[in-house]
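Below, chains carry the letters A, B, ... as their sequence lines are ordered, and counting in each starts from 1.
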Amino acid sequence: MLTITDLTARVEEKEILKGINLTINPGEVHAIMGPNGSGKSTLASILAGRSDYEVTGGSVELFEKDLLELEPDERAAEGLFLAFQYPVEIPGVTNTYFLRSAINAIRKYHGQEDMPPKEFMALVKQKAALMELDPAMLSRSVNEGFSGGEKKRNEIFQMAMLDPKLCVLDETDSGLDIDALKVVANGVNALRGGDRGILVITHYQRLLDYIVPDFVHVLMDGKIVKSGGKELALELEEKGYDFIKEELAAKA
Amino acid sequence: MIATLDPLVADYDQLLPVIAADGLAGFEELRAAAIRRYRESGIPTTRDEEFKYTPLHALTETKYRFGYGANLTREDVSGLLVGDIDAITVVFVNGQFAPDLSSTDSLPNGAYIGSFSDARGFEDEIHANLGTIAHFNNRLGSTNDLRFVDLNSAYLGDGTLIFLEKNVTVERPIHVVHVVSASDVAALSFPRNLIVLGENAEAKVIESYVTHAGNGVTIPVTEIRLAAAARLEHNKVQNESLASTHIANIFVDQAKTSVYTSNNINFGGGVARTDINAYVGGEYCETWLNSANVATGSQIIDNHTRIDHALPNCQSFEVYKSILKDNGVGVFNGKIFVYEDAQKTDAKQTNQAILLSPTATMNTKPQLEIFADDVKCTHGATIGQLRDDALFYLRARGIPLAEAQGLLVYAFAAEVLEKITIDEVREKLEAALFEKLGS
């Protein structure tokens with residue numbers, strides 16, 4: 001469903017991604033791990049279409065469409081969802097209004113009518129319960145005054161509402177205590193299965209105890225330097241990123 | 001002599017008897033003094049500090065005349081913002097009271113809501129208050145420009161009186177509507193409103209300015225006196241046609257523990273200026289000044305506010321917001337004076353503007369003059385575009401750029417509209433805001 005080929009990108013004059021290759025097939029859960037500054041969040045931002053980065057080469061295809069040619073909203077409508085590392089506060093726009101606008105914008109993109117209000121409210125109720133969200137939060141402004149944990153839960157709640165085909169979770173575990181982490185992981189696991197692809201981007205192995213990936217990739221200095229199964233994450237946890245650096249040095 | 005060429009007063013001597021016939025007796029001196037002062041100064045220019053950003057050349061270039069005698073039906077008026085709401089309603093058309101369009105029956109005891117001309121038994125209240133609130137005598141610092149107040153007083157005829165005796169609460173909203181209905185020549189009018197709330201009285205007022213046809217030159221004055229513990233929600237809605245000139249002056253006089261809330265909404269007008277002057281002359285008062293303004297095309301929306309904190313332990317909160325599109329111009333001047341005795345004053349002023357095009361302009365000038373030492377006064381002004389991070393967040397959820405922009409702009413102003421506690425009015429304004437931004 002997602003094919004990244006030789007992707008290079010920079011911000012201002014600095015080369016951040018130096019040739020990324022990654023394929024995600026329907027139903028697979030991939031994890032990208034890497035130390036700070038390796039380019040993890042840059043990759044997430046480029047996939048979602050943030051304009052701060054300049055793609056200098058390579059390609060990204062989502063369902064055989066050229067993802068890089070699509071606007072951020074078109075990417076979302078095509079089924080891509082980015083759970084933000086730092087969810088944005090939007091005073092004056094309630095969560096419910098925001099979600100209804102998003103769902104109906106995506107339906108419109110696909111030539112569908114608006115979702116009937118009754119159906120929408122039923123969906124909200126069901127997914128809010130899944131994420132253990134206080135219903136009062138729904139009538140509050142998007143993320144305004146939310147705690148760190150609430151913001152991340154709200155991201156996964158939105159993900160559940162929008163039912164995307166490919167989910168990208170950018171450092172979703174950062175700033176979460178263990179209880180909040182479990183709630184978030186449960187929410188993600190509930191969305192696992194079928195053809196949905198999931199890409200988990202994280203610094204730490206901790207989240208992967210709860211969202212167990214099929215594949216793990218190590219990103220260092222703008223390149224995927226090692227790929228493997230879930231056991232690679234455990235190895236990284238045990239030995240740290242240095243052992244990979246040493247491996248690379250030995251090969252060179 | 002500029003004054004002799006001034007079209008605002010060119011026909012004054014002929015018009016005076018017509019206007020005076022509609023009003024109460026006993027204001028001859030007030031009118032005479034006002035016209036004398038006005039004639040000494042004439043129409044302000046942008047060289048006058050208080051009108052630096054308010055070009056008024058339309059007043060000398062446009063043709064206009066008195067529009068008494070316009071005959072409108074309820075249907076003509078009901079579609080105009082904020083329209084046919086459940087309220088005690090007083091309607092003026094081109095400055096002339098329209099009894100057929102008004103409905104002021106079933107008032108509680110101790111309340112009068114209606115025209116000056118019908119206010120039998122309340123003449124003393126009018127005489128005691130009219131013209132005695134709209135002044136800057138004994139005020140600290142520089143005084144404001146009073147020429148349009150003088151001009152309004154010079155033409156003083158009929159007007160609206162809202163008078164509540166001590167302890168009277170009027171639950172239903174009170175809607176004072178000033179409609180302009182003109183043909184090829186703009187209609188000139190000088191609306192006058194007087195709101196007097198007795199001790200512990202409470203009311204919610206909507207003062208709206210709308211256009212039925214053509215354009216207007218509308219120069220209103222509203223005087224408000226709040227006795228101890230009185231509470232007033234004062235919503236001013238200006239949605240006149242886009243070639244109209246609107247120059248309003250509002251004066252508030254607050255006694256101890258009174259609460260004044262102003263929600264000042266401007267969507268219309270070619271040049272629309274509102275001055276709100278609140279004199280806080282008692283302890284433990286609250287003064288809330290909220291405002292949402294949208295200028296598109298070549299509209300100029302100018303707001304001047306002034307709060308005089310003369311006594312200790314009072315709070316004022318001011319939030320003025322402007323959305324400026326195309327060649328729209330916004331102006332904000334917010335004065336806060338804290339007098340030497342006004343210790344423990346807590347005054348907070350915020351002015352925010354969003355510019356949606358490179359040719360839109362905002363001129364903002366906070367002006368705090370503080371003569372007491374134990375006070376908390378803050379002010380902040382921001383002028384900017386929409387936040388990129390918020391736009392991206394909305395788009396990342398599938399909302400297209402134009403819709404995401406619309407949503408954020410709407411939310412920016414809706415925060416002010418939320419302060420209006422009359423649901424029907426707030427909802428109509430939200431719909432009007434949405435429509436205005438969409439066009």
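Side-chain contact check for Leu162(A) versus Arg397(B): some heavy-atom pair is nearer than 4.5 Å. Asp73(A) is not listed as a side-chain neighbour of Ile399(B), based on a closest heavy-atom distance of 4.5 Å or more.
If you measure heavy-atom distances from Asn104(A) to chain B, you find no contacts under 4.5 Å at all. Interface remark: Leu394(B) contributes backbone and side-chain atoms alike to the contact with chain A (heavy atom separation under 4.5 Å).
Interface remark: of the candidates Ala396(B), Ala414(B), Ala413(B), Ala396(B) forms the most heavy-atom pairs closer than 4.5 Å to chain A. Ranked by heavy-atom pairs under 4.5 Å with chain A, the list Gly398(B), Ala411(B), Ala390(B) is led by Gly398(B). The candidate from Arg387(B), Glu403(B), Glu415(B) with the greatest count of non-hydrogen atom pairs under 4.5 Å with chain A is Arg387(B). Chosen from Ser101(A), Pro87(A), Ala77(A), the residue pairing most often with chain B at heavy-atom distances under 4.5 Å is Ser101(A).
Using non-hydrogen atoms only and a strict 4.5 Å limit, the part of residues 42-68 of chain A facing chain B consists of Ala48(A), Gly49(A), Arg50(A).
Atoms OH and OH, from Tyr97(A) and Tyr410(B) in turn, are 6.5 Å apart once rounded to the nearest 0.5 Å.
Within 6.0 Å of the NZ atom in Lys348(B), the count of heavy atoms belonging to other residues, nucleotides or ligands does not exceed 12. Around the OH atom of Tyr86(A), the shell of radius 6.0 Å holds no more than 12 heavy atoms that belong to other residues, nucleotides or ligands.
The pair Glu74(A)-Arg395(B) does not meet the salt-bridge criterion, since no charged nitrogen lies less than 4.0 angstrom from a carboxylate oxygen.
If you look at Tyr393(B) and Phe98(A), their ring centroids are closer than 6.0 Å.
Residues passing the salt bridge (charged side-chain N to carboxylate O under 4.0 Å, His left out) test with Glu286(B): none are found, sequence neighbours excluded.
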